[in-house]
Amino acid sequence: ESARASASRIAAALGGHVDLLLLHFPAPSVAADHPNRLVVWTEIGGLGVEGNVSVAYAARAGAWRALEEAWDAGLCRHVGVSNYLARHLREMRRYARVRAAVDQLELHPLLPRDGVVDFGRRAGVAVVAYGSVVQEGRRDLLESAAVRAAAAAAGRSPAAALLRWAADRGIAVIPRSTDGGRLAENLAAVADDWRLGGNATAALDAFGGGRVSRAAAVATVRRRWRARRAGVCPWRRRRSRASRRRGGRWGPPPPRTPR
C-alpha cells in the first residue's frame with residue numbers, strides 16, 4: 001500500500017506522468033521497536049532493516065506489483081530498482097511481470113559490482129551508477145594514488161577518470177554537483193571522443209575490493225543471520241570485553257567517524 005500511494009503521489013507532483021519509478025532498497029525499513037529489527041552497522045552509522053528473510057521477500061514482491069500497476073495505469077514510462085544485488089534481480093523472475101528497466105546502485109572501482117553488471121547485460125537491465133566520484137562524503141577514490149595515476153596518464157582529472165571507467169564498461173553514471181564547472185567536466189568525461197588507456201583501465205580494475213557499501217553490508221549480515229538462526233529471532237548484539245568488564249549495557253558498537 002505504501003508503494004502504491006508513493007507512486008500516485010510522485011506522479012501527481014510531477015504532472016501526472018514520470019519517466020522512471022524506482023524501488024529504493026531491497027529490504028523494507030522498520031520501526032525501532034519492531035521485534036525483527038536487524039541493525040547493520042556501517043562506516044557511516046546504523047541502518048535498520050527487516051531481519052526476517054521471507055518478510056523481506058514478500059515486501060519486495062508486493063512493492064514491485066504496485067509499480068507494475070502504476071505502469072499499467074500510465075503513471076510512468078519505465079519501472080526499475082535501486083541497490084539490488086544480482087540475487088535480487090534473479091529473484092524477480094519469480095514474481096515480476098514487467099522487467100526492471102534499471103538497477104541504480106553505488107558503483108566505482110572499489111565496488112565494481114561485476115555480478116550485477118554481468119546479469120544486467122544478459123537480462124536487459126541497465127545499470128546506473130551513483131557514488132562514482134564521492135561516496136557518502138568520502139573522497140578516498142579521488143585522493144588515491146591509483147586513480148591519480150590513471151587520470152594523469154589520460155590527461156584528465158581524477159573525477160573524469162572515474163566516470164570514464166564506468167562509461168567504458170557500458171554503465172550510465174549520475175554524478176551529483178551544483179557547480180557549473182564540475183557539471184561541464186562531468187559531461188565531457190562521458191563524451192565519445194576519448195577513452196581510458198588499457199593500462200589505466202587495468203589499474204582501476206585491479207583496485208577494487210576495499211570498501212563495503214550499505215547494500216553489500218546488509219547482504220553479508222543477512223547471510224550470517226540465516227546461518228545462525230532458523231526462523232524469526234531478534235537481532236542479538238554482543239558486548240565487547242571492555243563493556244563486560246565495566247558492566248555496560250548490551251548495545252551496538254558506536255559508528256566509526258568518517259576519515
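Along the sequence shown, the residues carry numbers beginning at 1. These numbers come from a predicted model, not from an experiment.
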Donor-acceptor pair, distance only, cut-off 3.5 Å: does the side chain of [X] make one with the backbone of [Y]?
{"X": "R169", "Y": "P112", "result": "yes"}
{"X": "W64", "Y": "A59", "result": "no"}
{"X": "R113", "Y": "E106", "result": "yes"}
{"X": "W165", "Y": "L196", "result": "no"}

Can you establish whether the number of heavy atoms outside [X] located under 6.0 Å from its atom [atom1] is more than 12?
{"X": "N199", "atom1": "CG", "value": "no"}
{"X": "R121", "atom1": "CZ", "value": "yes"}
{"X": "R77", "atom1": "CZ", "value": "no"}

Exercise for the section: State the CZ-OG distance between R182 and S157, to the nearest 0.5 angstrom. Expected result: 10.0 Å
Using the rule that Ile, Leu, Val, Met, Phe, Trp and Tyr join whenever any side-chain heavy atoms are under 4.5 Å apart, tell me whether [X] and [Y] fall into a single cluster.
{"X": "L183", "Y": "L162", "value": "no"}
{"X": "I174", "Y": "L22", "value": "yes"}
{"X": "L89", "Y": "Y57", "value": "yes"}
{"X": "Y95", "Y": "L23", "value": "yes"}
{"X": "V125", "Y": "V79", "value": "no"}

If you look at every heavy atom in [X] and [Y], which pair is closest and at what distance?
{"X": "L204", "Y": "A146", "answer": "CD2-O, 4.2 Å"}
{"X": "S132", "Y": "L163", "answer": "CB-CD2, 3.8 Å"}
{"X": "A86", "Y": "V116", "answer": "N-CG2, 3.6 Å"}
{"X": "V117", "Y": "V127", "answer": "CA-CG2, 4.1 Å"}
{"X": "L67", "Y": "G80", "answer": "CD2-O, 3.9 Å"}
{"X": "A7", "Y": "L21", "answer": "CB-CD1, 3.8 Å"}

So do [Y] and [X] actually touch side chain to side chain, heavy atoms under 4.5 Å?
{"X": "D205", "Y": "P109", "result": "no"}
{"X": "C76", "Y": "D19", "result": "no"}
{"X": "L20", "Y": "V102", "result": "yes"}
{"X": "Y130", "Y": "N83", "result": "yes"}
{"X": "L85", "Y": "P26", "result": "no"}

May I ask you to say whether [X] pairs ionically with [Y], meaning some side-chain N is under 4.0 Å from a carboxylate O?
{"X": "R60", "Y": "E91", "result": "yes"}
{"X": "R164", "Y": "D168", "result": "yes"}
{"X": "D72", "Y": "R97", "result": "yes"}

Practice task
Examine Y84 together with F25 and report whether their ring centres are nearer than 6.0 Å.
Solution key: no
